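In what follows, a single structure is set out as structure tokens and then discussed.
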Amino acid sequence: MPDHNGGPEDRGSWQSKQKPSPPEIDDLLRQGRERLGGLLPDGRPPLKGLLVAGAIVLVAVAAWSSYYTVPSDSVAVVQRFGKYTAKVPPGLHFKLPLGIDVATLVPVKRQLKQEFGFTTPGRSDPFQSPSDGRRETEMVTGDLNAALVEWVVQYRISAPLKFLFEVREPSATLRYVSESVMREVVGDRTVDEVITIGRQEIESEALLKMQALSTKYAMGISIDQVQLKNINPPEPVQESFNEVNQAQQEKERLINEARREYNKVIPLAEGEKDQRIREADGYRLKRINEAEGDAARFTALLAEYVKAPEVTRRRIYIETLQDVLPGIRAKIIVDGSTASILPLLNLDRLQEERP
């Protein structure tokens, strides 16, 4: 009876299903040696040929590693056996091959950036985007409220030697410095200032403090700009915060509408007031001038009256009749010295019939 716990019959069936094992390394080396020996006359490669082939390969590798190109926005820092030797400008250059000289490219004219709280697709710098963006953005404001702050730091490499040799991992150090400064600046302000009116002030103060720390640490970095992006309250209170913002916006809208109505009515009233004042001044000047003219005319008339009272009295009488009679429609002329009725002379009718 066959043994079902590993008897010969079971082992044979398992081995028949198993794939053939690959050849051993020694077998492969032996087969390669036999094939190479078959190509050579005596079955063994000559030592001189191996030396020549090795020399050719060495020369090719040395020639390939002896030149390098520096882009237009970068400089190259050359090290010989790890020691700094020169800083090379853009262009094609040569160096000692086989790792004797090592040229490190540093993009001194390119503006680099680091993002906090978000990630831009297609980035090439591993230190550009955060490893834990949620942790970086969570901050506490001065009034003990929480806020999610996203920002961008734009910088340049101003001193390549300091950037490479003074600080270990300067890009990572800059991330720590930026986060520390931003937490300090945000912690000195209320949540309303951080989210609404204090953004520009936060950016300016953070820029100054980051630059001061990068200079103190000799990082070889120049901070160009600090720009705040999205600033939001935490998710549990975000809906309530949005309602508060909507109420504030509604308040500002009503205030602006009231100011618009004020600016529409008040200038109109001011204009009407000035117009009436000018009209009153004009009427005052008119009455004064008329009164002064009448007084001057009366004074002149009085002087003439004193010289010849009878003649002046008659002239005044006639001038008065000339002014009064044209406005009277019915006129009757009566001679007081006659006793009988005088014939009626209708002057109005004669005037109407006159061509």
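Every value quoted in this text rests on a predicted model; they were computed, and no experiment measured them.
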- Message: Check for me, please, whether Phe165 and Ile157 land in the same ILVMFWY cluster - side-chain distances under 4.5 Å, paths through other members count.
- Response: yes
- Item | 4.5 Å side-chain heavy-atom contact, Val108 and Pro160 | yes
- Mark yes or no for whether Arg199, through its side chain, and Val194, through its backbone, hold a donor-acceptor pair below 3.5 Å. no
- Query: How many angstroms lie between atom CZ of Phe81 and atom CD1 of Ile100, to the nearest 0.5 angstrom?
  - Reply: 5.0 Å
- Knowing that exactly one of Arg110, Lys109, Gln111 qualifies, which makes a side-chain hydrogen bond (donor to acceptor under 3.5 Å, both in side chains) with Asp73? Arg110
- What's the spacing between Thr120 OG1 and Asp125 CG if we round to 0.5 Å? 11.5 Å
- Those residues that, when tested against Asp224, pass salt bridge (Lys or Arg N to Asp or Glu O under 4.0 Å) (two or more places apart): Arg156
- Query: Which residues pass the salt bridge (Lys or Arg N to Asp or Glu O under 4.0 Å) test with Glu115, sequence neighbours left out?
  - Reply: Lys113
- Message: Working note: Thr190 + Asp192, criterion side-chain hydrogen bond (donor to acceptor under 3.5 Å, both in side chains); need CA distance, chi angles, decisive distance, verdict.
- Response: CA-CA 5 Å; Thr190 64; Asp192 292 333; 5.2 Å; no
- Hydrophobic cluster of Leu208, others only, ordered by chain and residue number, side-chain cut-off 4.5 Å: none
- Over 12 foreign heavy atoms within 6.0 Å of OH, Tyr176: no
- Are Val244 and Ser240 close enough that some pair of their side-chain heavy atoms sits under 4.5 Å apart? no
- Item | Closest contact, heavy atoms only, Phe127 versus Arg175 | O-NH1, 2.9 Å
- Query: So how far is it from Lys209 NZ to Met182 CE, rounded to the nearest 0.5 Å?
  - Reply: 10.5 Å
- Message: Are the side chains of Val153 and Phe116 in contact, using a 4.5 Å heavy-atom criterion?
- Response: yes
- Message: According to a hydrophobic-cluster definition based on side-chain heavy atoms being under 4.5 Å apart (Ile, Leu, Val, Met, Phe, Trp, Tyr only), do Leu96 and Val88 belong together?
- Response: no
- Note on the structure: So CG of Asp323 and CG of Leu321: to nearest 0.5 Å the spacing works out to 9.0 Å
- Grab the two heavy atoms, one from Leu105 and one from Ala76, that are nearest each other, plus how far apart they are. CD2-CB, 3.9 Å
- Message: A side-chain contact here means heavy atoms from C-beta on lying under 4.5 Å apart; do Gln154 and Leu112 qualify?
- Response: no
- Message: Main chain of Ser171, side chain of Gln114: is a donor-acceptor contact present, judged purely on distance under 3.5 Å?
- Response: yes
- Query: Do you see a donor-acceptor pair shorter than 3.5 Å between the side chains of Asn232 and Asn230?
  - Reply: no
- Are the charged groups of Glu319 and Arg315 less than 4.0 angstrom apart, N to O? yes
- Message: Quick one, Glu150 and Leu228 - any side-chain contact, counting heavy atoms below 4.5 Å?
- Response: no
- Query: Does the side chain of Val106 come within less than 4.5 Å of Ser74's, by heavy atoms?
  - Reply: no
- Do Lys273 and Glu270 meet the salt-bridge criterion of a basic N to acidic O distance under 4.0 Å? yes
- Indicate if Leu164 and Tyr217 have the same hydrophobic cluster label, given that clusters are the connected sets of ILVMFWY residues with side-chain heavy-atom separations under 4.5 angstrom. yes
- Query: Sequence neighbours excluded, which residues qualify as ring-ring contact (aromatic ring centres under 6.0 Å, His included) partners of Tyr68?
  - Reply: His93
- Query: In terms of side-chain geometry, is the basic nitrogen of Arg259 or Glu252 positioned less than 4.0 Å from the acidic oxygen of its partner?
  - Reply: no
- Message: Any non-hydrogen side-chain atom of Trp151 less than 4.5 Å from a side-chain atom of Val149?
- Response: yes
- Message: My understanding is that only residues two or more places apart in sequence, or in another chain, count here; which of them pass salt bridge (Lys or Arg N to Asp or Glu O under 4.0 Å) with Arg253?
- Response: Glu250, Glu257
- When you measure from the side chain of Gln79 to the backbone N and O of Ala103, does any donor-acceptor pair fall under 3.5 Å? no
- Glu310/Arg314 ion pair, N-O < 4.0 Å: no
Donor-acceptor list for residues 288-306 side chains, cut-off 3.5 Å, not counting sequence neighbours:
residue, atom, partner, partner atom, Å
Asn289, ND2, Leu285, O, 3.0
Thr299, OG1, Ala295, O, 2.7
Tyr305, OH, Arg313, NH2, 2.9

- Query: In Å and rounded to the nearest 0.5 Å, what is the OG1 to CG distance from Thr173 to Leu213?
  - Reply: 11.5 Å
- Considering only heavy atoms from C-beta outward, does the side chain of Arg135 approach that of Glu179 to under 4.5 Å? yes
- Query: Is the backbone N or O of Gln211 less than 3.5 Å from a side-chain atom of Ser214, with the two atoms forming a donor-acceptor pair by type?
  - Reply: yes
- Task: Find the distance between CG (Leu161) and OH (Tyr84) and round it off to the nearest 0.5 Å.
- Result: 4.5 Å
- May I ask you to decide if Val78's main-chain N or O and Thr85's side chain share a donor-acceptor pair within less than 3.5 Å? yes
- Message: Using a 3.5 Å distance criterion without hydrogens, assess whether the side chain of Arg183 forms a donor-acceptor pair with backbone atoms of Glu138.
- Response: yes
